[in-house]
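Here is the structure we will look at, set down as structure tokens.
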Amino acid sequence: MVSFEMTGRDGLARLGRLYTPHGSATTPALLPVVHPGIQTIPPSEMRRLFGAEIVITNSYIIRGRVEFRERALREGLGGLIGWDGPVMTDSGTFQSYMYGEVEVSQPEILDFQRRIGSDLCTMLDIFSPPETPEPEAASRLSENSRRAGQASELFHGGGGTSQGARGKGQMAGGEEQGLVLAVQGGIFPNLRERSAADIAGLGCAVQAIGGVVPLMESYRFAELVDVVMAAKRALHPARPVHLFGAGHPMMFSLAALMGCDLLDSSSYAKYAKDGRMMFSWGTRHLDELSHLPCGCPVCASHDPEGLRSLPDPERVRKLAEHNLHASFSELRAVRQAIAESRLWELVEERCRGHPALLDALHALGGHAAQLERFAPASRTGAFFYKGPESSFRPEVLRWERLVRERYTMPDSEVMVCLEEAPKPYSRHYASLVRRIQERWDARFVVTSFFGPVPLELDGMYPVAQSLVPSRLDPESAARVSRAMKRFSHDLRSQFSLVWEGERSFEALGAVVPEGRGVVSDWEMLRVRATAELQFGRDAAAALLEGKLELVLSPNTGRVRNVLAGGEHVLSLRARDGLFTLRMPGARRLVAAVGPPRLRVVVDDDAAGFAAAGKNVFSRFVKECDPEIRPMEEVVVVDGSDRPVACGRALMVRSEMLAFTRGMAVRVREGSGGPPGEG
Ligand code: GUN
Ligand code: ZN
């Protein structure tokens, strides 16, 4: 039985675990390519030296050579290559692309992969290289889908989609080994999406994205982004995605950010043979190096001259070792970045390593909306600006949208636009705000990197938890200026003024008569505006109905709990300035806004567990608000829309409905009583 579990995430990128008959592997995973005959580094050392947990080899090559074939049939794949962990096998597709036809049929090669004990057996997909014209790529894709159907049929005995009654689509129980189906479609996003949809509808363990090696070899990373993102739109959300031939560490973070869970590398050996060393920031030929800019055991114990003077097989072996060290070290960097929700930042750094990768980063900007749907609503660390491309980040898109759609400006005569300043803005501007409000009925908005930040929202993620240089790059500055214009325009009836220091007092006095000063209750404004941004206006109104009491932290003096009409509806998390729901608040939300909004619907058995404060697992989820983002607050309801718990969503709707394992909602509080009472 092959299965996949998501244990952490950052947008489309996931930390996970892939289970196979020969053991499990952490994802994102790198599968070193092992040749059954030529072993630059023996697989037995792959685990010990580099921490490899799963490898890939080629069943077509094994089948084609008598001594490999017979040994594999006799001793299994593990015996042949000397590896006791999980193994994925490829099918000969790439050989048919390189050398023309292959002398094997799909049923034959699948049967062979099974007989030699492969954990992940790959279909004989039909490779469409980038130069394939669209009509031909389309017809090849249709043939590929037909073959995928045949492969699935052979594997799952005609189970078709192998999806249970609830539409779950992971491996059907029973069979041991997993099937890998591959997406093709050339460089055409529409074809890639169609191919992915065809494959998502079939039973398989792993979904591979094929036909992209020539794109990567010629550094066409922007097109790679477009085809991978297109495939991701239609692939099954709960199945791991393999990117065929992604072997250079400088692109691991990019691949992971797009939701690729498995990568394979033959490059470590190929590059070594050519004397080339791979780094997370690029490639260098050994002959070009007078120093070794790497801390791996090979580089720490040699200098370039020493490596150059080694005899051939030994030098190649050392370079291959370095290449694998560089690759696995980058893989760990990617995993850690996902764990900290800072993968975008890593991608921005790596994409500076090559202009073609910078093109890829720009191409990602074209998929901002698709990426935003999966981006976490909060994280532990701060948002770090990395360059003009930081404007593509989901946080930026989301902030502008939320302010535009959900923020209600309190009535006032004047809107004062303040410039970017040290955070928190409200503290920096406290005395100026007081002086202006003594004379006029004014509200305030700060021109930030994220666009307009109404002063009362300055404590919220990502604004408060962001580090942005004091001098913005021109592109970001232009974006911010457009966003500010739109914001002022939306105010319509207000008079707005860009504050330019002391002389603005006079300028304001000349147009707005004094004497209508106000004293804002900033804490109340903050509570209302934050709730509106997080839950929507109508929901916030319901949450905050009745007499409001704010319970302050005795240590910091900041709001900690919000009571409305005597009920504890919300708590404020100091770390990110966002509210967490409490059960009375959850009940108010369900009463005030209709389904599916803000809800995760669980089956009635699971409702009892949630009511008792237990976490909600995806297999019990029946429905979910499609607008929910990871880390957002949700209400868990039973089949009759009765609130049974509240907590934080860890998945989006499509994932909750597709995953058969893993946590969907981390429950904070259950309704206590038996399901339905709350
Ligand atoms: N190896 C590199 N590219 C591909 C591909 O598109 N399909 C398969 N099966 N293997 C590959
Ligand atoms: Zn090294």
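Below, all heavy atoms of this structure are taken into account, side chains as well, without hydrogens, waters or symmetry copies. Remember, it's 1-based here, ligands and their atoms both numbered in the order they're listed. Throughout, numbering of the chain's residues begins at 1 and tracks the sequence.
Between the Ser327 side chain and the Asn323 main chain, a donor and an acceptor come within less than 3.5 Å of each other. One N or O on the side chain of Glu348 and one on the backbone of Ser390 form a donor-acceptor pair closer than 3.5 Å.
Taking only nitrogen or oxygen atoms, main chain and side chain alike, Asp125 reaches within less than 3.5 Å of ligand 1.
Ligand 1 lies less than 4.0 angstrom from a heavy atom belonging to Gly211.
Each of the following atoms of ligand 1 lies closer than 4.0 Å to a heavy atom of Gly210: 5 (C), 6 (O). Counting atoms of ligand 1 from 1 in the listed order, those under 4.0 Å from a heavy atom of Val213 are 2 (C), 3 (N). Within the listing of ligand 1, atoms 3 (N), 4 (C), 5 (C), 6 (O) sit less than 4.0 angstrom from a heavy atom of Phe127.
Atom ND1 is the N/O/S atom of His322 found closest to the Zn ion (ligand 2).
Because the distance cut-off is set at 2.8 Å, His325 fails to qualify as a neighbour of the Zn ion (ligand 2), as none of its N, O or S atoms comes that close.
Comment: Asp84 engages Arg47 in a salt bridge, judged by a side-chain N to carboxylate O separation of less than 4.0 angstrom. Here Glu321 pairs with Arg317 in a salt bridge; the nearest charged N to carboxylate O distance falls below 4.0 Å. Ion pairing between a basic and an acidic side chain is recognised when a charged N comes within 4.0 Å of a carboxylate O; Arg140 and Glu143 show no such pairing.
When side chains are defined from C-beta on, Asp264 does not count as touching Pro32, because their heavy atoms never get closer than 4.5 Å. The closest side-chain heavy-atom distance from Val228 to Leu243 is below 4.5 Å.
Protein heavy atom at the shortest distance from atom 2 (C) of ligand 1 is Phe94 CD1, 3.4 Å.
With distances taken over non-hydrogen atoms, the option nearest atom 11 (C) of ligand 1 out of Ile126, Asp90, Val212 is Asp90.
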